[in-house]
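Take a look at the structure set out below.
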Amino acid sequence: MNNYKSIEELHEMLVKGEITSDELVQESLKLSHEVQEKCNAFVTILDDAKGGEVTDSLLSGIPYGVKDNYSTKGILSTGSSNTLRDYVPFFNATAVENLNKAGAIKVNKTALDEFGMGGTGTTGHTGVQKNPWDPTRICAGSSSGSAAAVASGVYPYATGSDTGDSIRKPAAYCGIVGYKPTYGMISRYGLFPFASSLDTLGCLTRNVKDAAIVVDAMKGIDPYDMTSWDSKDMHLADSIDGNVKGKKLCYVKEICNIENYPNASDELKEHLENFHKTLEIAKELGMEVEEVSIDRKLLNASYSVYRVIHSAEASSNLSNLTGISFGPRGEGDNYIEMIKNHRTKGFSPLIKRRFVIGSYVLQKENQERYFKNAQRVRRLIVDTWKDLYKKYDAVICPVSTGPARKFEDLNKPLDINTMTLDEHLQVGNFGGFPSITIPNGFVSKLPVGINITGNCYDDINVLNIAYALESKMDYKNQIAREVK
Amino acid sequence: MGYITKIGLEMHCEVSETKTKVFSSARNEFTDVPNSNVRPLDMAFPGTLPRINKEAVRLALMASMILKCKQPEYMYFERKNYYYPDLPKGFQLTQETKPIPVGIYGEVEFEYNNEIKKIRINNVHLEEDAASLDHFFTTSNIDYNRCGVPLLELVTEPDIHSADEAIAFLEHMRSIYRYAGISEADSKKGQIRCDVNVSIMDDTKDENDPSNWGTKVEIKNVNSFGGVRDAINYEIKRQTELKESGKYDEMLQQTRRWDEESGTTIYMRSKVDAIDYKYFVEPNIPKYKISDSWLEEIRKSIPELALERKQRYVSLGLSEYDANVLVKDKDVSDYFDECLKLGLDAKTATNWVTVQIVGELNKDDSNIKDFFITPSRLKVILDNLSKGILSSKQAKEVFFKVLESHKEPTEFIDINNAQISDAAQIEEIIDQVLARSEQQINDYHNGRTNLFDYFVGQVMKETRGKANPTLTKEILNRKLNN
């Protein structure tokens with residue numbers, strides 16, 4: 001399987017003529033159908049995709065997948081929502097436009113939790129995404145389709161978007177790399193918004209270098225996004241050398257240590273032990289690793305802060321979905337009934353719940369208590385992390401409580417005791433920090449991951465630390481194999 | 001006992017003088033062709049983002065300065081969330097008073113009944129206009145051309161006391177917007193729309209104590225100056241009647257709608273049912289610092305406003321009245337300034353502009369910008385007048401011929417048709433006239449002095465009106481009376 005290879009390997013093969021772009025694309029399409037059957041990873045498979053010209057660009061002629069909340073010109077873009085089930089945009093997201101310029105070849109649009117709101121890959125309008133390692137388990141979300149496809153080797157990379165952990169958590173559950181760069185490095189123009197102050201584009205790959213190569217192509221200041229910034233002097237892939245001697249990492253005691261979780265499951269114990277083993281590898285690489293302590297109250301507030309802010313922004317961001325100028329027109333005798341009908345039929349219950357919360361926290365009488373306070377606590381959390389970055393190059397943490405959860409366990413209430421472990425990745429979105437997840441082993445034969453998060457604009461450092469750790473572990477370029 | 005009326009205005013004026021809309025690159029242009037100036041953002045396609053038009057911000061800050069407001073250190077926009085078919089995003093980008101908009105706490109002075117009135121400005125803010133809707137029997141059409149057009153909203157304190165005063169204020173503001181190059185401020189194009197707050201209070205009480213004020217009634221969407229006048233007068237009458245019948249105290253603070261057809265205000269909702277717009281800061285527009293140097297640059301670029309122009313005209317020797325006529329309409333004043341630039345005599349130009357030209361414009365309510373006789377064409381006519389090639393009467397004839405035919409004035413100015421100003425030539429003609437008028441000369445000398453005009457008339461007849469009248473009268477006088 002050629003698409004199992006890394007981007008650099010594929011590029012070399014293409015340049016040498018050992019394979020053609022068209023062959024790669026055809027293979028990728030064939031795999032797409034297989035993975036669709038198994039995991040239900042795609043909203044659209046672009047069967048008429050053709051190979052492209054091979055140039056100096058590393059991505060030229062190589063197939064990839066686009067998360068379906070990216071606007072793609074002339075191609076169905078649903079956000080995995082019934083409200084846009086037949087929406088065909090007439091413009092490309094800037095990131096897609098940039099990948100087009102790099103010669104990359106789209107072969108499918110990947111499924112997600114409706115509009116990126118959800119962490120399970122179960123709320124999209126085309127059904128649930130199953131984990132390629134174990135179809136009884138979730139991929140996590142919202143970049144569920146992208147994670148399943150990349151882990152299955154459909155292509156070397158797919159795009160993702162990350163508002164809380166939507167790239168980084170599915171990457172961990174699927175045993176691959178998920179990279180969310182600094183906020184504004186990649187233009188958000190053409191990304192269907194969820195929570196604008198948190199939304200970040202990024203990618204899912206099977207190794208760190210590939211993630212750097214892909215974001216190198218996606219990024220750039222964009223006149224259409226006022227929050228984008230100029231990174232033309234940052235060459236991510238070229239700046240990675242694996243030399244991390246003297247770099248300083250820290251981990252947060254209240255998140256990472258087993259004594260915080262008196263009723264820990266065996267999986268959680270194994271996961272945290274494995275995390276501490278990875279810290280030893282970091283030390284072997286010449287990095288300093290220190291334990292830090294953060295006020296538990298602040299950590300516990302993270303989940304609520306995230307809920308309040310994203311629900312508020314989402315309730316407003318998705319108000320454009322009225323079915324009036326695009327999307328299926330609702331029925332009714334007047335515009336209020338038409339809008340109501342469209343939105344009632346179109347959105348899943350999960351989203352509706354967020355709209356209700358969002359409206360509630362924005363109401364005049366509640367705004368100070370909920371929305372404004374959430375913003376204040378967000379600032380406190382970000383300042384706390386910025387303080388860490390004065391002393392440390394990055395914060396390293398385990399992702400989630402272990403391997404992917406089973407579908408049948410989704411109805412169980414969240415364990416309040418392990419919530420900080422499940423929800424700390426949101427800090428990366430609060431601060432707009434660059435953040436990457438890489439696989440660091442197996443628990444119950446299923447992949448688990450760690451996360452490395454650094455200061456804004458310090459993407460190269462973050463990537464380099466991840467690259468060095470990856471090179472000392474055995475999980476680089478791994479392809480999902482179904483485990484029983 | 002009588003009542004004091006307290007009126008506050010919310011005046012929305014489209015900023016028409018930017019090339020593009022306030023957050024999208026679609027053209028900001030009034031057009032009859034619906035949906036021709038639309039970019040993806042204007043229809044709120046998923047993934048579109050606003051980008052601020054710096055020129056719109058510049059003009060808004062300029063308005064803020066003219067209104068003597070305080071300008072903000074940082075610029076923010078906020079979302080005002082509500083559902084309506086003319087609002088594709090489901091929210092309007094606007095500015096609330098916290099954090100501060102382009103301007104807060106200013107004042108405006110203007111002339112009303114030969115007195116200087118002062119109105120306090122609570123705030124002025126920049127926002128985006130909504131699309132326009134046309135309602136038919138069973139369908140409604142949406143025109144997105146207007147969606148995203150920059151809009152300045154000005155909120156006054158309730159310092160206005162009558163409908164006429166409100167109109168004088170609005171006219172003054174319109175003049176400011178036009179002179180500053182911010183907007184055409186044309187209510188016929190729907191560029192000006194007002195919400196009017198009216199309340200009445202007993203005139204025995206102290207107006208400066210807000211606790212004495214009456215119950216505020218807000219009237220929404222009054223779209224013409226005439227409508228503002230009628231709505232205020234209607235509302236004063238309605239509220240006075242409630243007072244007289246003892247029902248005023250039962251009236252709730254409320255929002256009403258002006259119904260032009262019936263000439264009445266109609267109840268919409270009470271304050272308790274006020275819409276919660278759930279404002280929050282737009283995350284897609286990073287707050288940005290407004291530098292002092294930019295503010296200084298804007299301050300220096302404020303054009304000469306009406307009052308300053310008027311003073312300049314008076315200093316040129318024009319009467320207060322003429323100066324007022326000239327500055328009333330900025331386009332007329334611009335025309336006049338162009339005449340001055342071309343070197344025309346100020347008083348002569350004033351007469352032609354205020355009498356002939358404004359007279360013509362009033363006939364069909366047309367704009368001087370479209371007037372065929374441009375300042376340079378007027379100059380051709382007036383130069384020939386001053387050289388004596390045209391008489392005043394001929395100049396006027398040429399003026400009307402040019403206007404009618406849309407041809408150049410030179411086409412109608414024949415050097416051979418020029419006035420006869422040669423004394424010898426005129427004397428010769430006078431001699432011929434006198435030679436055949438023995439009877440009339442006798443009558444003249446016997447006291448019928450009004451026959452003098454008969455002789456002038458005969459000379460004019462002979463010369464087909466071209467004889468210089470002053471010279472003709474002079475020579476005739478000498479011949480008849482010596």
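Values in this document were obtained by computation on a predicted structure and should not be read as measured data. Order of the sequence lines fixes the chain letters, A, B, ..., with proteins taken first and strands second; residue numbering starts at 1 for each chain.
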Between [atom1] of [X] and [atom2] of [Y], what distance do you get to the nearest 0.5 Å?
{"X": "Glu313(A)", "Y": "Glu282(B)", "atom1": "CD", "atom2": "CD", "value": "9.0 Å"}
{"X": "Asp86(B)", "Y": "Tyr335(A)", "atom1": "CG", "atom2": "OH", "value": "8.5 Å"}
{"X": "Tyr83(B)", "Y": "Lys340(A)", "atom1": "OH", "atom2": "NZ", "value": "11.5 Å"}
{"X": "Leu41(B)", "Y": "Asn320(A)", "atom1": "CG", "atom2": "CG", "value": "10.0 Å"}

Against chain B, label [X] side chain, backbone, both or neither, depending on which of its atoms sit under 4.5 Å from a heavy atom there.
{"X": "Leu84(A)", "result": "side chain"}
{"X": "Thr322(A)", "result": "side chain"}
{"X": "Gln367(A)", "result": "side chain"}
{"X": "Tyr70(A)", "result": "neither"}

Any side-chain heavy atom of Arg79(B) sitting closer than 4.5 Å to one from Asn317(A)?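 Contact flag for Arg79(B)/Asn317(A) side chains = yes.
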(request) Report yes if some heavy atom in the side chain of Tyr144(B) is under 4.5 Å from a heavy atom in the side chain of Ser325(A); otherwise report no. (result)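 A side-chain contact exists here, since the closest heavy-atom pair is under 4.5 Å.
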Asp292(B) atom CG: more than 12 heavy-atom contacts under 6.0 Å
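Not more than 12 within 6.0 Å, no.
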Contact part of [X] toward chain A, heavy-atom cut-off under 4.5 Å: side chain, backbone, both or neither?
{"X": "Asn284(B)", "value": "both"}
{"X": "Ile52(B)", "value": "both"}
{"X": "Tyr279(B)", "value": "backbone"}

Quick one: which of Ala44(B), Ser25(B), Ser24(B), Pro85(B) has the most heavy-atom pairs under 4.5 Å with chain A, could you say?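 Ranked by contacts with chain A, first place is Pro85(B).
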Which heavy atom of [X] sits nearest to which heavy atom of [Y], and what is that distance?
{"X": "Glu365(A)", "Y": "Asp276(B)", "value": "OE1-OD2, 4.1 Å"}
{"X": "Pro283(B)", "Y": "Tyr183(A)", "value": "O-OH, 4.4 Å"}
{"X": "Leu49(B)", "Y": "Arg188(A)", "value": "CD1-C, 3.9 Å"}

Would you call the rings of Phe91(A) and Phe45(B) parallel, tilted or perpendicular, where under 30° means parallel and over 60° means perpendicular?
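The arrangement is perpendicular - the two ring planes meet at more than 60°.
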Please identify, among Pro89(A), Ser197(A), Gly358(A), Ser359(A), the residue contributing the most non-hydrogen atom pairs under 4.5 Å to chain B.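 Option with the greatest count: Ser359(A).
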When heavy-atom pairs shorter than 4.5 Å are enumerated against chain B, which of Ala312(A), Ser316(A), Gly190(A), Ser71(A) gives the highest number?
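Heavy-atom pairs under 4.5 Å are most numerous for Ser316(A).
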Could you go step by step and tell me if Ile324(A) and Ile142(B) meet the side-chain contact (heavy atoms from CB on, under 4.5 Å) rule?
CA-CA 10 Å; Ile324(A) 293 200; Ile142(B) 308 178; 4.0 Å; yes
Indicate whether the side chain of Arg51(B) and that of Tyr189(A) have a donor and an acceptor atom separated by less than 3.5 Å.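 The criterion, which ignores hydrogens and geometry beyond distance, is not satisfied for Tyr189(A) and Arg51(B).
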